[in-house]
Amino acid sequence: MIEVQGLTKRYGEKVAVSELSFTVRPGIVTGFLGPNGSGKSTTMRMIVGLDQPSEGSVLINGQRYRDFRAPLCEVGALLEARSVHTGRSAYNHLLALAQTHAIPRRRVADVIELVGLGGVARKRAGGFSLGMGQRLGIAAALLGDPGTLILDEPVNGLDPEGIRWIRTLLQDLAAQGRTVLVSSHLMSEMALTAEHLVVIGQGRLIADMSVADFVAGASENVVHVRSPRAPELRDLLLSADVTIRADGADVLEVSGLPSDRIGEVAAAAGIALSELTPRQASLEEAFMALTHDAVEYHGGSAAALPHQPGDGPAQAAGGARVETHGAGARS
Ligand SMILES: Nc1ncnc2c1ncn2[C@@H]1O[C@H](COP(=O)(O)OP(=O)(O)OP(=O)(O)O)[C@@H](O)[C@H]1O
């Protein structure tokens with residue numbers, strides 16, 4: 001179990017993590033999510049003692065990381081900045097790590113097989129692709145057979161097969177009773193991998209909930225309604241359980257009412273509808289809605305670019321309207 005209590009990290013004026021508290025339970029995969037720059041890496045570095053908190057504390061199975069006598073056998077970490085001696089082979093890199101931590105030599109071959117690097121174990125790690133490097137980092141994290149795993153964006157650089165492999169691996173490790181904390185900025189990937197979510201934005205806790213609850217909330221239907229008499233229809237539909245967002249003069253986005261009920265209300269009032277479309281928010285849309293206020297770097301929309309006189313709206317090659325979303329875009 002990892003217990004994060006009132007964690008704060010300041011870099012001069014910059015508050016990277018602010019009064020963050022959450023618990024990571026064993027036996028399940030916990031996804032650690034947040035937009036770019038939200039403080040995930042800083043939090044993970046503080047968990048494994050690479051950064052000192054300005055305030056607050058972290059306990060892993062009741063102890064501070066620096067008090068572990070055999071840290072690699074307690075906590076395995078894959079952090080963004082990997083330290084691999086590029087001239088060494090994968091095997092020798094892991095062997096050196098094992099020898100300095102009194103880990104039996106046979107574990108090296110075991111973890112190499114586990115991460116699928118058997119064929120390249122004697123090759124120089126400096127020549128590895130990003131995906132192979134990630135696998136080597138995961139092998140190092142697993143070397144001491146730790147009960148707690150902390151992985152910062154482990155699917156970075158992995159192809160779809162690699163992503164599926166890591167998803168299964170993390171779930172298997174959790175099913176063995178280990179504590180698994182894995183960061184990502186991809187909600188859809190975490191929905192498939194994790195059972196619980198901790199979401200942060202600008203260093204603060206935004207949500208601490210099960211994936212099932214997040215998915216249930218995200219799949220709440222929204223009905224897209226277009227009518228020349230939209231404001232009138234809006235007044236007829238509004239009630240305590242119904243939320244309506246007006247989008248332009250003739251468009252309503254209605255939550256809390258099924259589309260057939262909206263059609264009935266409009267027909268009864270003699271209001272013509274030119275569009276009535278139920279749609280489900282995707283998990284990424286729900287995640288962006290949740291973290292929108294906490295996104296540090298908002299990308300622009302191509303629609304906001306100045307147009308040359310006579311230009312139509314910005315179009316992609318396939319004819320679709322070009323729009324960039326803010327989450328994840330650094331400027
Ligand atoms: N050593 C440092 N000095 C100053 N500011 C820092 C330092 N490390 C991180 N920060 C700032 O703290 C904030 C949190 O950064 P962090 O890397 O923890 O975010 P993150 O959620 O891991 O982002 P990403 O998904 O982009 O990796 C950012 O605004 C970052 O610029």
Side-chain angles (χ1 to χ4, degrees), residues 2 4-22 24 29-58 60 65 75-84 130-131 133-134 137-138 141 148-158 163 166 170 180-194 196-209 214 283-300 324-331:
I2 305 171
V4 171
Q5 207 33 264
L7 212 54
T8 295
K9 180 68 184 178
R10 292 185 211 92
Y11 293 108
E13 293 285 282
K14 171 86 197 171
V15 183
V17 173
S18 181
E19 293 168 29
L20 196 56
S21 299
F22 61 88
V24 186
V29 177
T30 297
F32 190 32
L33 280 128
N36 285 132
S38 53
K40 303 181 296 294
S41 300
T42 304
T43 303
M44 288 179 141
R45 290 173 60 80
M46 287 193 282
I47 293 175
V48 297
L50 287 172
D51 264 345
Q52 281 307 310
S54 307
E55 279 157 44
S57 63
V58 180
I60 300 173
Y65 184 88
V75 184
L78 171 75
L79 299 178
E80 269 182 312
R82 280 184 302 277
S83 50
V84 176
L130 190 56
Q134 287 292 81
I138 291 166
T148 303
L149 280 157
I150 294 166
L151 309 173
D152 198 359
E153 306 264 3
V155 302
N156 257 2
L158 296 185
I163 292 174
I166 196 150
L170 296 181
V180 181
L181 179 66
V182 50
S183 80
S184 178
H185 54 268
L186 291 176
M187 183 60 226
S188 45
E189 176 50 34
M190 277 301 105
L192 294 172
T193 308
H196 197 84
L197 297 176
V198 172
V199 183
I200 64 170
Q202 293 188 348
R204 292 180 177 276
L205 188 71
I206 294 181
D208 184 347
M209 58 163 71
F214 181 87
L283 291 181
E284 294 304 338
E285 281 175 316
F287 177 58
M288 284 202 287
L290 185 67
T291 57
H292 183 267
D293 291 340
V295 172
E296 199 163 349
Y297 308 99
H298 283 279
T324 55
H325 288 283
R330 275 186 200 239
S331 54

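Note that ligands are numbered from 1 as they come in the structure, with each ligand's atoms numbered from 1 the same way. The first residue of the sequence shown is numbered 1, and numbering continues consecutively from there.
Contact annotation: for Lys14 versus ligand 1, heavy atoms closer than 4.0 Å belong to the side chain alone.
When only interatomic distances are considered, the shortest N/O to N/O separation between Thr43 and ligand 1 does not fall below 3.5 Å. For ligand 1, one of its N or O atoms has an N or O atom of Gly39 under 3.5 Å away. For His185, no nitrogen or oxygen atom sits less than 3.5 Å from a nitrogen or oxygen atom of ligand 1, counting backbone and side chain alike.
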**Report entry** side-chain contact (heavy atoms from CB on, under 4.5 Å) evaluation trace for Val24 with Val198
**Finding:** CA-CA 9 Å; Val24 186; Val198 172; 5.5 Å; no
Requested in this report: Before giving the answer on side-chain contact (heavy atoms from CB on, under 4.5 Å), spell out for Asp51 and Tyr11 the whole-Å C-alpha distance, their side-chain angles and the decisive distance to 0.1 Å.
Outcome: CA-CA 11 Å; Asp51 264 345; Tyr11 293 108; 2.9 Å; yes
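Of the candidates Thr43, Ile47, Val182, Thr43 is the only one forming a side-chain contact (heavy atoms from CB on, under 4.5 Å) with Phe32.
Ligand-side atoms of ligand 1 in range of Ser41: 17 (O), 18 (O), 20 (P), 22 (O), 27 (O), range being under 4.0 angstrom from any heavy atom. Residue Pro35 has at least one heavy-atom neighbour below 4.0 Å for each of these atoms of ligand 1: 21 (O).
A heavy-atom distance below 4.5 Å is found between the side chains of Glu153 and His185. Between Lys9 and Ser54, some side-chain heavy-atom pair lies under the 4.5 Å cut-off.
Taking a 4.0 Å cut-off on heavy atoms, Ser38 registers as neighbouring ligand 1.
Closest of all the heavy-atom pairs between Ile138 and Pro154 is CD1-CB, 4.5 Å.
Here the shortest heavy-atom distance to atom 13 (C) of ligand 1, taken over Gly201, Gly12, Ser183, Gly37, belongs to Gly37. Counting only non-hydrogen atoms, the option in Thr42, Asp51, Val17 that gets closest to atom 18 (O) of ligand 1 is Thr42.
Atoms CG and CD1, from Asp208 and Ile200 in turn, are 12.0 Å apart once rounded to the nearest 0.5 Å.
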